[in-house]
Amino acid sequence: MEEVPLIRVEKAPVVLHPSLAMQSAVLLALGALSKAEELLPLLDDYRVISLTKKIVSVSPGTFYFYAVFALGADAALVAGVPDNSGALIAAQVAATAAILPLVGALLVGGKINSIIQGNEPLKL
C-alpha cells in the first residue's frame, strides 16, 4: 500500500460551495463578522463563554439522567396528588406543563453534547 503524504491544515486548499462563498461574501459586506467580533468582550464579561465551556463538558448521560428524573418526579406528583377537585387537577396540569419543556431541553442538550463531544456522529 502506498503512503499518502499528509499536509498541514493551514496549507490545505479550501474549496467552498458557490452558495457558501456567496453567503460569506454577503456577511463580510454587511460587516456582520466585525460586529460579532465586537460582541466577544461583552460575552466574556458576562462569562457566557466560560459557562458554555462548562455546559459542553458535562456528560450527555447527566442530561438524560435528569430528564428521566424530572419525568419521574412529574409522574409521582400526578399519582400522589388526589384528583378530587378542579384546583388539584389544574395544579397537576400546570406542573406537567412546566416540566415537559424542561425534559425536552434536557434531551436536546444531551443529544447536542453527545455530538459535540464526538460520542455520536452527526447525521444530516
Side-chain angles (χ1 to χ4, degrees):
M1 180 190 277
E2 184 179 333
E3 288 187 26
V4 178
L6 298 176
I7 59 173
R8 296 187 59 119
V9 172
E10 60 266 9
K11 293 180 182 178
V14 177
V15 179
L16 291 178
H17 189 272
S19 65
L20 288 176
M22 186 184 311
Q23 290 172 0
S24 299
V26 169
L27 286 175
L28 286 172
L30 293 175
L33 297 178
S34 62
K35 289 179 184 175
E37 287 176 348
E38 291 173 6
L39 291 176
L40 286 176
L42 183 64
L43 292 175
D44 198 31
D45 289 343
Y46 289 113
R47 306 208 194 301
V48 173
I49 296 171
S50 63
L51 176 64
T52 304
K53 286 181 183 178
K54 287 178 185 176
I55 291 172
V56 168
S57 68
V58 173
S59 167
T62 304
F63 283 94
Y64 297 140
F65 171 78
Y66 284 112
V68 170
F69 180 77
L71 278 176
D74 185 48
L77 180 107
V78 169
V81 174
D83 296 337
N84 56 7
S85 75
L88 291 176
I89 293 172
Q92 291 175 350
V93 170
T96 301
I99 288 176
L100 286 181
L102 170 69
V103 169
L106 287 169
L107 291 175
V108 169
K111 182 73 168 177
I112 290 172
N113 266 9
S114 179
I115 292 169
I116 289 173
Q117 293 175 5
N119 299 335
E120 188 174 321
L122 179 61
K123 297 174 187 171
L124 297 175

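No hydrogens, no waters, no symmetry mates; every other heavy atom, side chains included, goes into these values.
- Within the hydrophobic cluster formed by Ile, Leu, Val, Met, Phe, Trp and Tyr side chains joined at under 4.5 Å, directly or through other members, Val68 stands alone, with no partner residue.
- Sorted by first and then second residue, the salt bridge (charged side-chain N to carboxylate O under 4.0 Å, His left out) pairs involving residues 90-101 (not counting sequence neighbours) form an empty list.
- Contact record, Ile99 with Ala70: CG2-O, 3.7 Å, taken as the closest heavy-atom pair.
- As a member of the Ile/Leu/Val/Met/Phe/Trp/Tyr network built from side-chain separations under 4.5 Å, Val56 groups with Val108, Ile112, Ile116.
- Residues passing the side chain to side chain donor-acceptor pair (under 3.5 Å) test with Ser59, sequence neighbours excluded: none.
- Separation of atoms OG1 (Thr52) and NZ (Lys54) is listed at 11.0 Å; rounding is to 0.5 Å.
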Chi angles and distances behind the side chain to side chain contact (heavy atoms under 4.5 Å, CB included) call for Phe63, Leu107 | CA-CA 7 Å; Phe63 283 94; Leu107 291 175; over 6 Å; no

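- Cluster membership check: Leu51 does not share its hydrophobic cluster with Leu40, using side-chain heavy-atom separations under 4.5 Å among Ile, Leu, Val, Met, Phe, Trp and Tyr.
- For residues 95-119, the set of pairs meeting the salt bridge (charged side-chain N to carboxylate O under 4.0 Å, His left out) definition, not counting sequence neighbours, comprises Lys111-Glu120.
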Per-pair distances, 0.1 Å, donor-acceptor, side chain in residues 87-95, under 3.5 Å, sequence neighbours excluded:
unit_1	atom_1	unit_2	atom_2	d
Gln92	NE2	Val78	O	3.2
Gln92	NE2	Val81	O	2.7
Gln92	NE2	Asp83	OD1	2.9

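- Closest approach of Pro60 and Asn119 over heavy atoms only: CG-ND2, 3.8 Å.
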Name each donor-acceptor pair under 3.5 Å that joins a side chain in residues 41-49 to protein atoms two or more places apart or in another chain, with its distance.
none

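- Applying the side chain to side chain donor-acceptor pair (under 3.5 Å) test to residues at least two apart or on different chains, the pairs with a partner in residues 61-75 are Asp74-Thr96.
- Interatomic distance, Phe69 CZ to Leu106 CG, rounded to the nearest 0.5 Å: 11.5 Å.
- For Asn113, there are no side chain to side chain donor-acceptor pair (under 3.5 Å) partners at least two apart in sequence or on another chain.
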